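Data first, discussion second: the structure below is written as structure tokens.
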Amino acid sequence: MVELNEQELQRRQSLDELKKLGIDPYPAELFEINTTTKEIHDKFPEDNNLFQDVSIAGRIMQRRIMGAASFTEIQDETGRIQVYIKRDEVCPGEDKTLYNTVFKKLMDIGDIIGVKGYVFITQMGEVTIHVREFKLLSKSLKVLPNVKEKEDKVWDAFTDPEQRYRQRYLDLIVNPKVKQVFQKRASVMQSMRDFLNGKGYLEVETPVLQPLYGGAAARPFKTYHNTLDMTLYLRIANELYLKRLIVGGFDGVFEFAKDFRNEGMDRFHNPEFTQMELYVAYKDYNWMMDLVEEMVEKIVTDMHGSTKIKSGEHEIDFKRPWKRISMYDAIKEFTTIDLSEMSEEDIAKVAKEVGVDVDSSMGKGKLIDEIFGETVEANLIQPTFITDYPVEMSPLAKKHRSKEGLVERFEAICNGKEICNAFSELNDPIDQRKRFEEQVALGKRGDQESMVLDEDFLRALEFGMPPTAGLGIGIDRLTMILTNQPSIQDVIFFPQMRPEKKAEVATDADFIEFGIPEAWVPVIRKAGFKTVEDLNDVNPNKLFNEMGGLRKKMKLDIAMPTIEEVRGWFGK
RNA sequence: GAUUCCGUAGCUCAGCAGGUAGAGCAUAUGCCUUUUAAGCAUAGGGUCCUGGGUUCGAGCCCCAGCGGGAUCACCA
């Protein structure tokens with residue numbers, strides 16, 4: 001039970017009055033819709049004979065009432081349109097209640113209504129629906145943030161990130177551009193799915209709850225299954241399951257997977273995020289680079305009609321082919337240092353020089369990765385493939401066909417961030433076991449993100465997995481770039497946040513139990529008493545005085561209890 | 001986790017030497033037959049995030065906490 005503010009109380013009163021007039025503020029039956037605001041705006045100016053019998057619904061976002069005529073703006077999924085309501089038209093007879101009372105007094109910004117009428121253009125030149133009849137479809141009891149906007153100017157924008165993310169519904173109502181971001185996100189996934197289906201790959205689903213977590217270097221969330229009496233982990237990746245399916249004989253499988261990583265949060269990291277992983281048999285990482293280019297280029301073109309997009313102050317062009325450069329060459333290009341022949345010791349020295357915090361848990365691969373992150377990654381704005389990673393940091397990738405100490409792996413970097421990660425998958429079960437064992441050793445050295453050994457996965461490989469190319473592509477990050485959003489929270493509907501703190505509040509019944517007459521409960525709340533304990537701490541005389549003051553202030557028409565009665569409440 | 005900034009009306013934000021808490025929009029009431037963020041007039045609306053402290057007196061100063069943003073660290 002939360003205290004209501006003045007405007008919320010007014011709306012509840014309106015609700016009661018509507019019911020008294022026989023109007024159901026939440027009617028059950030459907031309201032037929034035969035067009036959208038967007039369709040009207042698109043087509044009406046071309047052909048004024050259209051839309052002479054529309055039925056449309058939406059949320060009231062703006063009202064301008066002038067005597068016997070009113071202008072209202074309603075908003076549906078596609079946009080807004082002005083609606084003109086004239087008293088004598090919606091109330092043709094003597095009884096003007098529907099207009100004077102129901103529409104003017106009892107309806108508010110935020111209510112959802114359905115209207116029927118015809119489209120015309122006002123003297124001011126605005127496409128408007130002339131209403132023949134209207135119907136309340138849902139009464140709104142809370143006040144919307146009132147954002148005013150005209151063309152590009154916005155007044156009183158609703159921008160507080162906390163409120164926007166916690167109450168995303170509000171954000172979507174008042175910030176139409178937010179809706180577009182999520183529509184684009186859906187189109188990215190749609191476009192990617194179409195592309196993969198077009199190639200004949202099978203969309204599959206694999207477990208989110210896993211007894212062993214694997215396929216990536218990250219700390220997991222841990223949970224527990226009662227019946228099995230065992231620990232389960234929320235997946236950090238689905239890689240090992242998809243490869244089992246390749247062993248099983250599917251030649252191309254993919255999954256849009258929610259993954260969960262128990263790591264820090266910032267504008268690039270949410271504890272749960274979406275990744276598309278793809279595995280294709282009889283291919284290698286060179287082939288996969290071609291596929292990624294082709295796929296992303298298609299997605300961008302589907303979305304923007306061009307391969308170029310704006311991201312922050314940069315323009316990024318996804319047109320094929322993208323630059324391909326090996327990790328060592330990239331580091332050499334940006335630092336002039338050649339790490340390819342250096343020992344772990346020397347590399348650690350270089351790492352310190354470029355500003356990496358080196359500690360004993362870091363192996364050679366990790367050091368190189370850190371140097372790369374420090375010196376190269378942020379400088380890669382145009383899509384670039386970085387290839388051929390050190391074997392130590394890629395325990396699931398196949399050894400390079402010709403370069404000692406490296407694996408056949410690539411990442412695509414764009415706008416200074418990794419957008420995908422792929423390799424020629426390791427299918428040698430003996431080598432895979434050795435790599436896992438090295439990971440276990442790293443874990444003992446203190447690396448909390450090292451991988452664990454998955455015996456069943458090894459058993460699968462021992463039956464034989466075809467040479468396979470694998471890919472993981474981050475949907476959230478890709479969406480951020482393609483929609484030009486600076487934070488991952490802007491491309492996830494409900495980003496993870498701390499729970500909203502709820503003040504301890506006693507119920508009405510608790511107060512009545514205490515002895516407060518029901519009519520006085522709102523007064524007690526108004527006086528700032530949240531719990532019965534708060535009341536116990538107060539001097540009865542002071543409470544009595546406050547009640548009198550508030551009774552006057554709140555203009556309440558209820559009898560004042562005597563001071564003895566008030567004291568009596570505390571006698572128990 | 002570290003550093004730093006922020007938290008005032010339904011919304012956006014002011015506020016000062018530490019002295020009765022302000023504006024715009026929204027809301028209510030009255031008037032007005034077509035307005036383009038705002039028709040005119042009047043009115044109501046506040047636990048100034050929470051809890052302590054300093055003070056005659058705290059929205060403001062001090063301490064602690066809660067929530068959020070930004071940057072950094074880890075990770076995608």
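Lettering follows sequence order; numbering is per chain, from 1. None of the values given here were measured: they were computed from a predicted structure.
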Between rG24(B) and rG18(B) - P atom distance, rounded Å
27 Å

Residues pairing under side chain to side chain donor-acceptor pair (under 3.5 Å) where one sits in residues 475-484 of chain A, two or more places apart or in two chains, turn out to be R185(A)-D476(A)

Check this for me: does the side-chain of D266(A) come within 3.5 Å of the base of rC72(B) through a donor and an acceptor?
no

Within less than 4.0 Å of OP1 or OP2 of rC66(B), is there a side-chain N or O belonging to R498(A)?
no

Would Y285(A) and F423(A) count as a close aromatic pair, with their ring centres under 6.0 Å?
no

Does the cation-pi check pass for R168(A) over F182(A), that is, NZ or CZ under 6.0 Å from the six-membered ring centre and within 45° of its axis?
no

Would you say the base of rU34(B) and the side-chain of Q123(A) have a donor-acceptor pair closer than 3.5 Å?
no

Considering only atom P, compute the distance from rC60(B) to rG53(B) and round it to an integer number of Å.
14 Å

Name the nucleic acid region contacted by A216(A), choosing base, sugar-phosphate or nothing; use a 4.0 angstrom heavy-atom cut-off, strictly under.
nothing

Any donor-acceptor pair, under 3.5 Å, between the side chain of E418(A) and the base of rA76(B), if you only look at N and O atoms?
no

Please tabulate, one pair per line, each protein N/O and nucleotide N/O from nucleotides 22-25 of chain B that are separated by under 3.5 Å, including the distance.
from	atom 1	to	atom 2	distance (Å)
rG24(B)	N2	D156(A)	OD2	3.2
rC25(B)	O3'	K148(A)	NZ	3.4
rC25(B)	O2'	N146(A)	ND2	2.3
rC25(B)	O2	N146(A)	OD1	3.3
rC25(B)	O2	N146(A)	ND2	3.1

Check whether any side-chain nitrogen or oxygen of R64(A) sits under 4.0 Å from OP1 or OP2 of rA38(B), and answer yes or no.
yes

From C-beta outward on I488(A), which listed nucleotide comes closest to its side chain: rU34(B), rU27(B), rA76(B)?
rA76(B)

Side-chain (R132(A)) to main-chain (V115(A)) donor-acceptor, under 3.5 angstrom
no

So which atom in L144(A) and which in L170(A) form the shortest heavy-atom distance, rounded to 0.1 Å?
CD2-CD2, 3.5 Å

Considering only heavy side-chain atoms of F120(A), the closest of rC74(B), rU34(B), rU27(B) is rU34(B)

Mind checking the P distance from rU12(B) to rG7(B)? Whole angstroms is fine.
13 Å

Between the base of rG67(B) and the side chain of E162(A), is there a donor-acceptor distance below 3.5 Å?
no

Applying the 3.5 Å cut-off to both distances, the Watson-Crick or G-U partner of rC25(B) turns out to be rG10(B)

Ring centroid separation for F134(A) and F103(A), is it under 6.0 angstrom?
yes

Any K104(A) side-chain N or O less than 4.0 Å from OP1/OP2 of rU29(B)
no

Any N/O donor-acceptor pair, E126(A) side-chain to rU34(B) base, under 3.5 Å
no

At less than 4.0 Å, is any side-chain N or O atom of R267(A) found next to OP1 or OP2 of rU71(B)? Yes or no.
yes

Is the ring centre of F273(A) under 5.5 Å from the base ring centre of rA76(B), and are the two planes under 30° apart, so that they stack?
yes

Side-chain N or O of R477(A) versus OP1/OP2 of rA76(B): is the shortest distance under 4.0 Å?
no

Donor/acceptor link under 3.5 angstrom from T122(A) side chain onto base of rU36(B):
yes

It should be established whether R166(A) places a side-chain nitrogen or oxygen under 4.0 Å from OP1 or OP2 of nucleotide rG68(B).
yes

For the pair made of CE in M265(A) and C1' in rG69(B), what is the distance, rounded to whole Å?
13 Å

Check: T78(A) main-chain N/O paired with D76(A) side-chain donor or acceptor under 3.5 Å:
yes

So is R409(A) actually on top of Y389(A)'s ring, under 6.0 Å and inside 45° of the axis?
yes

Can you tell if the side chain of W322(A) reaches within under 4.5 Å of the side chain of T384(A), non-hydrogen atoms only?
no

Can you check the distance between rG39(B) and rA26(B), where both ends of the measurement are the P atom (answer in whole Å)?
7 Å

C1'-based separation of rC49(B) from rG44(B) [nearest Å]
25 Å

For E8(A), which contact category applies under a 4.0 Å heavy-atom criterion: base, sugar-phosphate, or nothing?
nothing

Using whole Å, report how far CG of D108(A) lies from P of rA28(B).
6 Å

